[in-house]
Amino acid sequence: MPELPEVEVVRSGLERHVVGRVIADVEVFHARAVRRHLAGAEHFAALLTGREIRAACRRGKYLWFPLDSGDVLLAHLGMSGQLLVLPPSAPGGPHLRARMRFADEGSELRFVDQRTFGGLDVEPLVPALNVPESVRHIARDPFDPAFDDAAFATALRRRRTGLKRALLDQTLVSGIGNIYADEALWRARLHWARPTATMTRPQIARVLAAAREVMTGALAQGGTSFDALYVDVDGESGYFDRSLEVYGRRDL
DNA sequence: CGTTCTACCTGCATGC
DNA sequence: TGCATGCAGGTAGAAC
């Protein structure tokens, strides 16, 4: 499942492959893929057609691509979404949800999503915050230079919930999903149900460091993949699953 | 307000 | 074999 490292691999791949290109044509094959775009698929396509992609940005598991119109193309991969850059001649599988061709007639961008929890939309940036409307409520991730460790510790201790639940709460810290939460807890030797209010500052620092470590390791290896649901923009799976210590193991 | 629960969806694994 | 059921996961929005 795409968590921060996987999404970052996709972001950097798209930064290399689609930034600076002009969208010539957009096709939406499944309405659910643009359900966040309330004005509908045709409007979605109209806002993209003729626009140049200016950058590739990410916060947590959200991706967005600022356009020369001032809007952004927003993408969330959900559980099984992929953004693939492929030759126009490449065959499309049963889960192809949307496709964008470019004016240069080179490779095209495809959104493929088996379980349809992912989605795309076009929306404005919130001027003061410089993030899209849909990302307003998402906390900074642990690799964001502006992530505030001390403020995170304070906020975590104020919560009345279990540690793993808090790590998964994207409004507290973003980018961590089920897999990296389990790995971080294991490496920090902290129990998933530990009440956050009783966490000491050193323990919080430990679990945060563990999360950064495991995600840094995953990033270095191109992301985690278990079943080919996650692949980067060239269609290559990551190999980080060989390094996971606890996720998916019931015998611990 | 903070926290927890549920729907959303598909493919695979399991049970009968 | 075939069918039914259960599970997995991230998020938004409902419910508490």
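Computed over heavy atoms, backbone and side chain alike; hydrogens, waters and symmetry mates excluded. Lettering follows sequence order; numbering is per chain, from 1.
Between A:L77 atom CG and B:dC9 atom C1' there is a gap of 16 Å when expressed in whole angstrom units. Rounded to whole Å, atom C1' of B:dG2 lies 12 Å from atom CG of A:L172. Nucleotide C:dG10 holds its P atom 13 Å from the CG atom of A:L167, rounded to whole Å. Rounding to whole angstrom units, CZ of residue A:F117 and C1' of B:dT10 are separated by 8 Å. For A:L168 and C:dA12, the CG to C1' distance is 16 Å, given to the nearest whole Å. Whole-Å rounding puts the A:R32 CZ to B:dC9 P distance at 4 Å. Regarding A:R35, its CZ atom lies at a distance of 16 Å from the P atom of B:dA7, rounded to whole Å. Note: CG (A:D169) to P (B:dC5) measures 14 Å, nearest angstrom.
Considering only side-chain N and O atoms, A:T116 lies nowhere under 4.0 angstrom from the phosphate OP1 or OP2 of B:dC8. For the pair A:R159 and B:dG2, the criterion of a side-chain N or O lying under 4.0 Å from OP1 or OP2 is not met. Distances shorter than 4.0 Å separate some side-chain N or O of A:Y62 from OP1 or OP2 on C:dA12. Close to C:dA12, at under 4.0 Å from its OP1 or OP2, lies no side-chain N or O of A:H76. Regarding contacts with the backbone of C:dT11, a side-chain N or O of A:Q170 is found under 4.0 angstrom from either OP1 or OP2. Of the side-chain N and O atoms in A:R115, none sit less than 4.0 angstrom from OP1 or OP2 of B:dC8. Here A:R165 reaches the OP1 or OP2 of B:dT4: one of its side-chain N or O atoms lies under 4.0 Å away.
Nearest to the side chain of A:N178, among B:dT10, C:dG10, C:dT11, sits C:dG10. Checking B:dT4, B:dG11, B:dC8 against every side-chain atom of A:Q114, the shortest atom distance belongs to B:dG11. Side-chain proximity of A:R36 to the nucleotides C:dA12, B:dG11, B:dC9 is greatest for C:dA12.
Taking 4.0 Å as the cut-off between side-chain N and carboxylate O, A:R159 and A:D169 count as a salt-bridged pair.
As the counterpart of C:dT5, B:dA13 is assigned, both hydrogen-bonding distances of the Watson-Crick or G-U wobble pattern falling under 3.5 Å.
Between A:T154 and A:R201, the side chains place a donor N or O and an acceptor N or O closer than 3.5 Å (distance only, hydrogens not considered). No donor-acceptor contact under 3.5 angstrom links the side chains of A:R58 and A:S174, judged on distance only.
A donor-acceptor pair under 3.5 Å is formed between the side chain of A:H76 and the backbone N or O of A:G78.
Looking only at side-chain heavy atoms (C-beta outward), A:F44 and A:L73 come within less than 4.5 Å of each other.
Using a 4.0 Å heavy-atom cutoff across all strands shown, A:H137 reaches sugar-phosphate atoms only and no base atom.
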